[in-house]
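This report refers to the structure that appears directly beneath it.
One is the number of the first residue; the rest follow in order along the sequence.
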Amino acid sequence: MRVLLVEDDYMIGNVVQQALRDASYATDWVTDGDAALNALACLSYEIVLLDLGLPKTDGMAVLRSIRANDHRMPVVVLTARDATEDRVAGLDAGADDYLVKPFEMSELLARMRAVTRRQGPAAGPVLSNGVLTLNPATHEAAMDGGPVRLTGREFALLQALMVRPGAILSRAELENRIYGWNEEVESNAVEFLIHAIRKKLGSKAIKNVRGVGWTVSRPA
Ligand code: CA
């Protein structure tokens with residue numbers, strides 16, 4: 001899952017980016033509103049974490065631009081303490097949730113799971129296509145036998161497929177969901193991860209569509 005983090009405070013940005021990467025989000029961090037708009041024009045994101053007080057284009061203008069172009073992308077606003085008016089204005093302008101600084105990363109991660117869950121086709125906290133289940137809170141997957149723990153990257157790859165069972169994702173699309181900017185990607189990284197997931201969950205967990213990409217089966 002790819003995240004755009006928009007935060008001009010370097011200390012907060014560093015901590016949040018590291019925590020997001022540790023939680024297996026492909027994370028791109030920008031520090032002003034213009035860079036945020038550029039990133040949004042170039043890449044598709046599953047969620048945006050948006051500070052409101054930003055250099056160049058401010059956060060409210062970024063939010064309005066997001067809502068003018070894409071009605072569904074979840075946006076969580078990160079606001080300063082006591083800025084009640086900001087929070088109200090942010091929610092009115094289309095933010096899905098907000099968090100007051102300083103916040104605990106565990107709470108941010110839980111809210112991110114909640115807002116992305118509300119956007120997707122799956123209603124519950126666990127992703128399932130009927131045979132395979134994936135728990136975003138624990139990074140556990142199960143197929144036939146008991147649950148197995150996936151590594152961060154294995155989880156990110158399987159989650160990208162499980163969000164839309166039946167959709168075929170190419171290598172480039174999967175890499176986009178797993179790696180942020182400045183993260184080195186080995187040429188066979190996707191194949192390597194799929195091999196590792198199949199070893200844990202069985203060879204039928206992920207299907208290869210020759211020359212096109214990979215998919216998980218649609219619910220029966
Ligand atoms: Ca700020």
Side-chain angles (χ1 to χ4, degrees), residues 1-120 136 152 156 159-160 163 172-185:
M1 195 171 279
R2 198 177 190 97
V3 183
L4 181 64
L5 168 64
V6 191
E7 171 59 76
D8 64 322
D9 181 310
Y10 276 85
M11 213 174 71
I12 296 173
N14 263 314
V15 169
V16 173
Q17 180 183 49
Q18 191 54 53
L20 291 172
R21 288 187 172 168
D22 290 348
S24 312
Y25 287 98
T27 306
D28 299 334
W29 173 26
V30 294
T31 55
D32 68 66
D34 289 0
L37 293 174
N38 282 336
L40 289 161
C42 296
L43 279 161
S44 70
Y45 292 92
E46 272 85 19
I47 184 166
V48 178
L49 306 179
L50 181 65
D51 178 32
L52 290 182
L54 291 170
K56 303 180 184 171
T57 305
D58 81 12
M60 282 298 294
V62 173
L63 179 55
R64 280 192 289 267
S65 166
I66 289 171
R67 283 296 168 253
N69 292 300
D70 175 343
H71 300 286
R72 280 175 55 85
M73 184 163 47
V75 178
V76 176
V77 162
L78 310 174
T79 70
R81 187 185 282 280
D82 294 333
T84 310
E85 286 168 22
D86 278 4
R87 295 203 290 278
V88 172
L91 291 169
D92 281 345
D96 297 276
D97 202 353
Y98 66 86
L99 214 49
V100 178
K101 299 173 193 173
F103 48 80
E104 293 291 328
M105 272 310 299
S106 57
E107 183 176 6
L108 176 61
L109 293 170
R111 284 170 186 257
M112 289 169 67
R113 287 194 294 272
V115 296
T116 51
R117 187 159 74 223
R118 286 201 291 270
Q119 302 286 327
Q159 184 183 37
V163 168
E173 287 166 330
L174 287 169
E175 285 174 354
N176 254 326
R177 291 288 162 265
I178 302 171
Y179 299 96
W181 298 333
N182 315 323
E183 287 189 278
E184 206 154 311
V185 188

Handout entry: Pairing residues for Gln18 by the side-chain contact (heavy atoms from CB on, under 4.5 Å) criterion, not counting sequence neighbours
Key = Asp22
Practice task
Would you confirm whether Thr27, through its side chain, and Tyr25, through its main-chain N or O, come within 3.5 Å as a donor-acceptor pair?
Solution key: yes
Problem - Taking every non-hydrogen atom, the tightest pair across Leu63 and Ala93 - result: CD2-CB, 3.7 Å
Problem - Within residues 54-66 or reaching into it, pairs that qualify as side chain to side chain donor-acceptor pair (under 3.5 Å) - sequence neighbours excluded - result: Asp34-Thr57
Exercise for the section: Begin with the C-alpha distance, continue with both residues' side-chain angles, and end with the deciding distance and a verdict on side chain to side chain contact (heavy atoms under 4.5 Å, CB included) for Val100 and Arg87. Expected result: CA-CA 9 Å; Val100 178; Arg87 295 203 290 278; 3.5 Å; yes
Problem - Gap between atom CE of Met60 and atom CG of Asp92 - 0.5 Å precision - result: 8.0 Å
Fill in the blank from the handout: Residue set satisfying side chain to side chain donor-acceptor pair (under 3.5 Å) with Ser44, at least two apart, ordered chain then number -> Arg177
Handout entry: Spacing of Phe103 atom CZ and Leu78 atom CG [to the nearest 0.5 Å]
Key = 4.5 Å
Completion exercise
The residue among Leu20, Thr116, Val76 that forms side-chain contact (heavy atoms from CB on, under 4.5 Å) with Val3 is Leu20
Exercise for the section: Compare all side-chain heavy atoms of Asp32 with those of Leu54 and state whether any distance is below 4.5 angstrom. Expected result: no
Practice task
Using the test side-chain contact (heavy atoms from CB on, under 4.5 Å), find all partners of Glu173 that sit at least two apart in sequence or belong to another chain.
Solution key: Leu169, Ser170
Fill in the blank from the handout: When rounded to the nearest 0.5 Å, the distance separating CD of Glu46 from CE of Met73 is 10.0 Å
Problem - Point-to-point distance, once rounded to the nearest 0.5 Å, from CD of Gln17 to CG of Leu49 - result: 11.5 Å
Practice task
State whether the side chain of Trp29 and the backbone N or O of Glu7 hold a donor-acceptor pair below 3.5 Å, judged by distance alone.
Solution key: yes
Exercise for the section: Run the numbers on Val62 and Leu50 for side chain to side chain contact (heavy atoms under 4.5 Å, CB included), then give the verdict. Expected result: CA-CA 9 Å; Val62 173; Leu50 181 65; 3.9 Å; yes
Completion exercise
Between Pro74 and Asp96, the two heavy atoms sitting closest are CA-OD2, 3.2 Å
Problem - Any Asp9 side-chain heavy atom under 4.5 Å of Asp51 side chain - result: no
Handout entry: Main-chain N/O of Asn176 paired to Arg2 side chain as donor or acceptor, under 3.5 Å
Key = yes
Handout entry: Gap separating the CE atom of Met105 from the CE atom of Met112, nearest 0.5 angstrom
Key = 7.0 Å
Exercise for the section: Please name the pair of heavy atoms, one in Gly152 and one in Ser24, separated by the smallest distance, quoted to 0.1 Å. Expected result: CA-OG, 2.8 Å
Fill in the blank from the handout: In terms of heavy-atom contacts, Gly180 and Asp28 come closest through CA-OD1, 3.4 Å
Practice task
Kindly write out the residues that satisfy salt bridge (Lys or Arg N to Asp or Glu O under 4.0 Å) with Arg111, not counting sequence neighbours, or none if the list is empty.
Solution key: Asp97, Glu107
Completion exercise
Value for CG (Leu4) from OH (Tyr45), rounded to nearest 0.5 Å, stands at 4.5 Å
Handout entry: salt bridge (Lys or Arg N to Asp or Glu O under 4.0 Å) involving Asp8 - partner list, sequence neighbours excluded
Key = none
